[in-house]
Amino acid sequence: MSTFYITTPIYYTNAEPHAGHAYTTIAADVLARYHRLKGDDVFFLTGVDEHGENIQKIADQKNISPQAYCDQIASTFTTLWERLNVSYDIFLRTTSELHKSGVRKLLNTLYKTGDIYKGKYEGYYCRPCERFFTEKEQGTNRICPIHNLPLEWVEEDNYFFALSKYQDPLIKHIHENPEFIQPESRRNEMLNVLESGLEDVSISRSSVSWGIPLPFDTEHISYVWIEALSNYVTALDYAQDGEKFRKFWPADVHLMAKDIARFHALIWPAMLMAVKLPVPKKVVAHGFLTKDGEALSKTLGIFIDMDTDIGTYGLDAFRYYLLREFSFGNDGDYRPSRLDARYNADLANDLGNLLNRTLGLVSKNFGGIPEPTTAGEFDAEIQQMAREMVEKVDALMDQLVFDMALETIWEFVRRINRYIQQTQVWALAKSEETKGRMGTILYNSMEALRVVAVLISPFMPNTANRIRQQLGLDESFNDQGLDTVAEWGGLPSGLVLGKPEPIFPRKDTKKSKRTSKGRPAQAEQPADDNLISFDQFQELDLRVAEVIAAEKVPNADRLLKLQVDLGSEKRQVVAGIAAHYAPEDLIGKQIILVANLQPAKIRGIESQGMLLAAEGGKELAVATFERRMPSGAQVR
RNA sequence: GCCGGUGUAGCUCAGUGGUAGAGCACACGACUCAUAAUCGUGCUGUCUGGAGUUCAACUCUCCACACCGGCACCA
């Protein structure tokens, strides 16, 4: 029996779960269930990452202990997974002793290899990110691009992992194992990163207390990312070299969204190489979800309303939609209107109706499942199609091509609808002579549905179960694996049917009742202690400035070089707004200039200030005045 | 600017060196077992634009444009 170890990332407890987490986790669940169906010994890991300065800070704000805070968030995750029918084998918390002891062992082992060294770290640091910025990253004015906050100069002793040593081994490994990083675009990207050189990474923090102390120097706390990655082995009881670890490592698939592919495809394998452990077989990064074409954003209130959609269409339809509609490696646009279309066309019309019409004919004309006594036209074709479908689905699932796997199953479902049409089964009830043929056709249809139920069970466990019940099969059929569909005829005759009942009642789409935009719950207000004092505000010197000249900065996509008039003086400002404004559009406009900002060199051009602009999603607008003001006037 | 990718019917996408396909949507027809469902037929396409190679390109090469990633740079 082969083993199959699949993981999702352990999610950071800085916020409650959202649809992105659900997408990754449902995909992992489908794979886990599929492999169980194949008879593999499966271990499915998910969990939460609970340490780090951020968590501490949030807990402090809420005036509770970090542990109590994490307990709360962790339970929102487990509740959601239960709701989404996620069949994980372990929900790992990084505050668990299982994890902590594993981390200590891994770090100790790593330390002994000599690939960890102590260095004084001086650098620019972003607290919310909990990381240092390399010189390349920090830019000229030292603002964190993610949080838009000034980077702080921090000096501390840190331990480093000699990641750069593994640059060549990683390149070699990626070349020798083409399937290691998927999809291919991501693989190319990683190779690109490797070619341009890796820097050693810091693996500890001394200013943080909520975390796991380094076993060889307890003054230092393990950096959350390093610690979190370790979870993939600690969850298997790496600490005790446990049975699970020996059985399941290396992982078959690490699944994640594309933003953290780098950690998984480079740093984590390098760590493993350092301690002489096998690296995971596949690192698979999927795309992001957008909503009606817009990036999800908490602050803008763009989110996927899982509750509403699951409430309307059911959990299985939601799971089906996520995996059927999107090509796994690419970004996918979540559109409730498409969910509705999929629901009606695929689930209600094709599958649900097929089950219903078949059962209706059987119960009207036969006591139970009829005997297939009279073979005829199309039978062989359908049986062969079923066999081929099983093989094809298996190959596609192996490649994680979920959308095509489902499409393949639906081709078969449509074929059975056509079979019923072609043979005109219902007309065969009229004479006793044709009754045998009728029973056979219905038997075949039901057997087809049984096969379909098994194949869709990883995607839609509840639906598979309901089909099983309506076919009159007992629960033991739930445990039957893929091999029971390879051969036609696994459905016993004579069974009394369950009660036929539409499994996917058609939704009335005549009038789209959906009010197009579910108004999001108001985005949470930031905590009070983000307030600044009036004095702090006063420190900003904001001025009216008129743009008197503007031109593109060569070799820079986003930059415009502006000459502005402040009344008493002229300034040169470089602004990253080229994607939104043509130079000539700005000339003559009055803008707001931060006049007392430290000058910075941007692309070698001095920028003496910064203009204010609003950004929302992909839109950007420069702040101007509703009527003309003298240049240089103070803004407050 | 650099690296990679994408650009095919209204929508989502597949595809091969010999001038195009699927599903959905739409129209018409058939059927009536069924959840106004199913089945059949049809439908629109300058296969992003231009040049080149070839007997022949949507499919190969080059250039351009647009969009999407990543990097640079910066918001």
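Note: hydrogens, waters and symmetry copies are ignored here, and every other heavy atom, side chains too, is used.
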Ignoring backbone atoms, test whether [X] places a side-chain nitrogen or oxygen under 4.0 Å from the OP1 or OP2 oxygen of [N].
{"X": "A:R186", "N": "B:rG70", "result": "no"}
{"X": "A:R262", "N": "B:rC71", "result": "yes"}
{"X": "A:N188", "N": "B:rG5", "result": "no"}

Can you tell me how far [atom1] in [N] sits from the matching atom in [M], rounded to whole Å?
{"N": "B:rA20", "M": "B:rC58", "atom1": "C1'", "answer": "8 Å"}
{"N": "B:rG29", "M": "B:rG21", "atom1": "P", "answer": "26 Å"}
{"N": "B:rU41", "M": "B:rU48", "atom1": "C1'", "answer": "32 Å"}
{"N": "B:rG23", "M": "B:rA75", "atom1": "C1'", "answer": "41 Å"}
{"N": "B:rU19", "M": "B:rU8", "atom1": "C1'", "answer": "14 Å"}
{"N": "B:rC62", "M": "B:rC71", "atom1": "P", "answer": "26 Å"}
{"N": "B:rG7", "M": "B:rG15", "atom1": "P", "answer": "10 Å"}
{"N": "B:rG17", "M": "B:rA72", "atom1": "C1'", "answer": "39 Å"}

| request: May I ask you to test the A:L198-A:Y166 pair for a side-chain heavy-atom distance under 4.5 Å? | output: no

| said: So A:Y23 and A:F326, do their side chains get closer than 4.5 Å, heavy atoms only? | reply: yes

| field | Stem regions touching RNA chain B, defined by at least 3 consecutive Watson-Crick or wobble G-U pairs below 3.5 angstrom | value | B:1-7 with B:65-71, B:10-13 with B:21-24, B:26-30 with B:38-42, B:48-52 with B:60-64

| said: For A:R414 and A:N417: C-alpha separation, side-chain torsions, deciding distance, then whether side-chain hydrogen bond (donor to acceptor under 3.5 Å, both in side chains) applies. | reply: CA-CA 5 Å; A:R414 285 184 219 110; A:N417 268 323; over 6 Å; no

| Can A:R262 and A:E189 be counted as an ion pair, charged N to O under 4.0 angstrom? | yes

| field | Salt bridge present between A:E325 and A:R335 (N-O < 4.0 angstrom) | value | no

How would you label the contact of [X] with the nucleic acid (heavy atoms, under 4.0 Å): base, sugar-phosphate, or nothing?
{"X": "A:I503", "result": "base"}
{"X": "A:N417", "result": "sugar-phosphate"}
{"X": "A:D403", "result": "nothing"}
{"X": "A:R342", "result": "nothing"}

Taking the side chain of [X] as its heavy atoms from C-beta onward, which of [options] lies nearest to it?
{"X": "A:R335", "options": "B:rC11, B:rG70, B:rU38", "answer": "B:rC11"}
{"X": "A:E189", "options": "B:rG69, B:rU35, B:rC39", "answer": "B:rG69"}
{"X": "A:Q421", "options": "B:rU12, B:rU38, B:rG40", "answer": "B:rU38"}
{"X": "A:D350", "options": "B:rU32, B:rU38, B:rC3", "answer": "B:rU38"}
{"X": "A:R418", "options": "B:rU38, B:rC39, B:rU35", "answer": "B:rC39"}

| Closest-nucleotide ordering on RNA chain B, the 5'-leading residue of A:V193 and A:D346 | A:D346

| note | Nearest-nucleotide check on RNA chain B, A:E325 vs A:V413; residue mapping nearer the 5' end is A:E325

| message | Let's go through A:K282 and A:Q182 carefully: what are the C-alpha distance in whole Å and the side-chain angles of both, what is the deciding distance for side chain to side chain contact (heavy atoms under 4.5 Å, CB included) to 0.1 Å, and is it a yes or a no? | response | CA-CA 7 Å; A:K282 281 184 190 174; A:Q182 290 183 15; 3.7 Å; yes

| field | Which atom of A:F303 lies closest to which atom of A:K291, heavy atoms considered | value | O-NZ, 3.4 Å

| task | Grab the two heavy atoms, one from A:I304 and one from A:A19, that are nearest each other, plus how far apart they are. | result | CB-CB, 3.7 Å

| remark: Under a 4.0 Å heavy-atom cutoff, the residues of residues 356-370 of chain A touching RNA chain B are A:N356, A:R357, A:L361, A:K364

What is the distance, to the nearest angstrom, from the [atom1] atom on [X] to the [atom2] atom on [N]?
{"X": "A:I260", "N": "B:rG69", "atom1": "CD1", "atom2": "P", "value": "18 Å"}
{"X": "A:K507", "N": "B:rA36", "atom1": "NZ", "atom2": "C1'", "value": "16 Å"}
{"X": "A:K258", "N": "B:rG4", "atom1": "NZ", "atom2": "P", "value": "18 Å"}
{"X": "A:I441", "N": "B:rU38", "atom1": "CD1", "atom2": "P", "value": "20 Å"}
{"X": "A:N344", "N": "B:rG23", "atom1": "CG", "atom2": "P", "value": "18 Å"}
{"X": "A:Q422", "N": "B:rU32", "atom1": "CD", "atom2": "C1'", "value": "17 Å"}
{"X": "A:R338", "N": "B:rG10", "atom1": "CZ", "atom2": "P", "value": "15 Å"}
{"X": "A:D333", "N": "B:rG69", "atom1": "CG", "atom2": "P", "value": "13 Å"}

| task | Take A:Q590 and A:E546, measure what side-chain hydrogen bond (donor to acceptor under 3.5 Å, both in side chains) needs, and give me the verdict at the end. | result | CA-CA 4 Å; A:Q590 289 193 309; A:E546 179 173 343; 4.6 Å; no

| message | For A:D200 and A:S164: C-alpha separation, side-chain torsions, deciding distance, then whether side-chain hydrogen bond (donor to acceptor under 3.5 Å, both in side chains) applies. | response | CA-CA 5 Å; A:D200 291 352; A:S164 55; 2.6 Å; yes

| said: Taking the ring of A:Y334 and the ring of A:Y321, is the distance between their centroids below 6.0 Å? | reply: yes

| task | Cation-pi check, A:R506 to A:Y343: give yes when NZ or CZ is under 6.0 Å from the six-membered ring centre and within 45° of the ring axis, no otherwise. | result | no

